[in-house]
Amino acid sequence: MPPPRAFATLAALPALYALTALATFGLLAGCDTTPKKPEDCARIDWRSEGRSTALNGRAVDSGWRRGAACQQLGMNPDRKAFESGWAEGQASYCTPGFLLREGRRNDAFGPICQGMVEAVLQRAWNHGRLLHEADQRIQRLDGDLASLRARADDVKLPAGNRDTARAQLSGVIAARAQAVATRERLEAEANANGWGLGR
């Protein structure tokens with residue numbers, strides 16, 4: 001049973017999830033160059049194209065844009081190979097370990113796992129999002145520590161400012177230790193579920 005906090009975080013993120021999904025699919029579409037001439041189509045490995053489409057969380061039809069463009073150029077793209085590759089990619093994508101990594105990378109949960117124990121997959125993705133938040137918090141605190149240490153050692157600053165920076169250091173160090181402990185707990189929970197660390 002997932003921790004209550006995981007569901008609470010997921011419930012609080014619908015708008016962010018939607019924006020992330022739009023941004024992700026927008027970027028993918030922008031990177032996916034449309035064939036302009038028959039030679040472009042001849043270079044495409046349709047099985048690999050299908051696999052890549054699924055591994056990016058995209059449905060078969062939404063990923064067939066380049067195939068449709070090749071058809072308009074009078075070519076005969078291998079839809080069967082594309083769909084076979086897509087099925088291979090879907091089998092890898094729709095696993096808790098893969099979706100944990102997607103969440104930790106702050107990537108969207110693509111809508112291609114219907115009927116495949118989605119509750120477990122959603123839980124793994126959400127756990128990855130919690131790990132992403134923990135990673136981000138540690139990164140921010142590392143930046144705060146570097147800034148405070150620089151201020152504490154900056155002889156050009158008034159002594160009072162340096163003393164203030166030194167006084168703040170202990171609190172930030174404690175906060176970072178707590179954030180690291182949270183990340184380690186989340187990683188241990190992911191391992192206990194058999195999902196790996198999501199790196």
Side-chain angles (χ1 to χ4, degrees), residues 1-32 51-58 89-113 116-154 164-199:
M1 184 169 179
R5 183 181 165 212
F7 280 130
T9 302
L10 181 62
L13 289 175
L16 178 61
Y17 172 79
L19 289 172
T20 302
L22 288 172
T24 301
F25 297 137
L27 286 172
L28 289 170
C31 295
D32 191 10
R51 187 182 305 110
S52 176
T53 294
L55 289 174
N56 283 313
R58 298 165 65 201
Q90 183 199 35
S92 295
Y93 183 90
C94 297
T95 60
F98 192 97
L99 287 166
L100 177 78
R101 290 191 296 277
E102 291 289 280
R104 190 165 193 174
R105 286 194 299 259
N106 200 29
D107 288 335
F109 183 176
I112 67 169
C113 303
M116 301 176 72
V117 198
E118 267 193 284
V120 173
L121 299 177
Q122 184 74 65
R123 179 184 167 200
W125 179 83
N126 188 51
H127 200 86
R129 290 282 298 128
L130 294 175
L131 279 164
H132 172 75
E133 291 168 12
D135 290 337
Q136 292 295 105
R137 177 159 174 72
I138 291 168
Q139 188 175 7
R140 285 193 300 270
L141 289 167
D142 284 342
D144 292 344
L145 280 174
S147 176
L148 286 170
R149 283 171 176 150
R151 288 177 61 79
D153 295 336
D154 190 350
T164 298
R166 290 189 192 100
Q168 292 172 334
L169 270 171
S170 60
V172 177
I173 289 170
R176 186 186 186 281
Q178 184 177 19
V180 169
T182 296
R183 181 170 68 182
E184 289 174 349
R185 175 181 57 78
L186 289 167
E187 288 182 337
E189 289 172 3
N191 266 333
N193 285 320
W195 302 338
L197 296 178
R199 294 188 189 281

Give the C-alpha distance, both sets of side-chain angles, the deciding distance and a yes or no for side-chain contact (heavy atoms from CB on, under 4.5 Å) between Glu102 and Phe109. CA-CA 7 Å; Glu102 291 289 280; Phe109 183 176; over 6 Å; no
Out of curiosity, Thr164 OG1 to Leu169 CG, how far, rounded to the nearest 0.5 Å? 11.0 Å
Between atom CG of Leu121 and atom OG1 of Thr95, what is the distance when rounded to the nearest 0.5 Å? 7.5 Å
CG/Leu197 to CD/Glu184 distance, rounded to the nearest 0.5 angstrom? 10.5 Å
side-chain contact (heavy atoms from CB on, under 4.5 Å) between Arg101 and Asp107, worked out: CA-CA 8 Å; Arg101 290 191 296 277; Asp107 288 335; over 6 Å; no
Evaluate the criterion side-chain contact (heavy atoms from CB on, under 4.5 Å) for residue pair Trp125 and Leu100; output intermediate values, then yes/no. CA-CA 5 Å; Trp125 179 83; Leu100 177 78; over 6 Å; no
Other residues, nucleotides, ligands: >12 heavy atoms within 6.0 Å of Gln136 CD: yes
Taking the side chain from Gln90 and the backbone from Cys113, do they hold a donor-acceptor pair closer than 3.5 Å? no
For the atom pair CG (Leu131) and CG (Asn106), what is the distance rounded to the nearest 0.5 Å? 12.0 Å
What one should report as the nearest heavy-atom pair of Ser92 and Leu55 is CB-CD2, 3.9 Å
For Gly57 and Pro111, which heavy atoms make the closest approach, and how far apart are they? O-CD, 3.4 Å
Between the CG atom in Asp135 and the CZ atom in Arg140, the distance rounded to the nearest 0.5 Å is 10.5 Å
Should the pair His127 and Trp195 be assigned to parallel (<30°), tilted (30 to 60°) or perpendicular (>60°) ring geometry? perpendicular
Return the minimal non-hydrogen interatomic distance between Ala165 and Arg151, and the atom names on each side. CB-CB, 3.8 Å
I need the Ile173 CD1 to Gln178 CD distance, nearest 0.5 Å. 14.0 Å
Shortest non-hydrogen pair, Pro96 vs Val120, comes out as CG-CG1, 4.1 Å
Sidechain-backbone polar pair: Asp154 side chain, Ala150 backbone, donor-acceptor under 3.5 Å: no
Before accepting this row, confirm whether a basic side-chain N of the pair Glu133/Arg104 lies closer than 4.0 Å to the acidic partner's carboxylate O. no
In terms of heavy-atom contacts, Gly89 and Ala54 come closest through C-CB, 3.5 Å
Given side chains that start at C-beta, do those of Arg58 and Ile112 come closer than 4.5 Å, heavy atoms only? no
Would you confirm whether Tyr93, through its side chain, and Gly110, through its main-chain N or O, come within 3.5 Å as a donor-acceptor pair? yes
Take Arg183 and Arg137 through the side-chain contact (heavy atoms from CB on, under 4.5 Å) test and state the conclusion after the steps. CA-CA 10 Å; Arg183 181 170 68 182; Arg137 177 159 174 72; over 6 Å; no
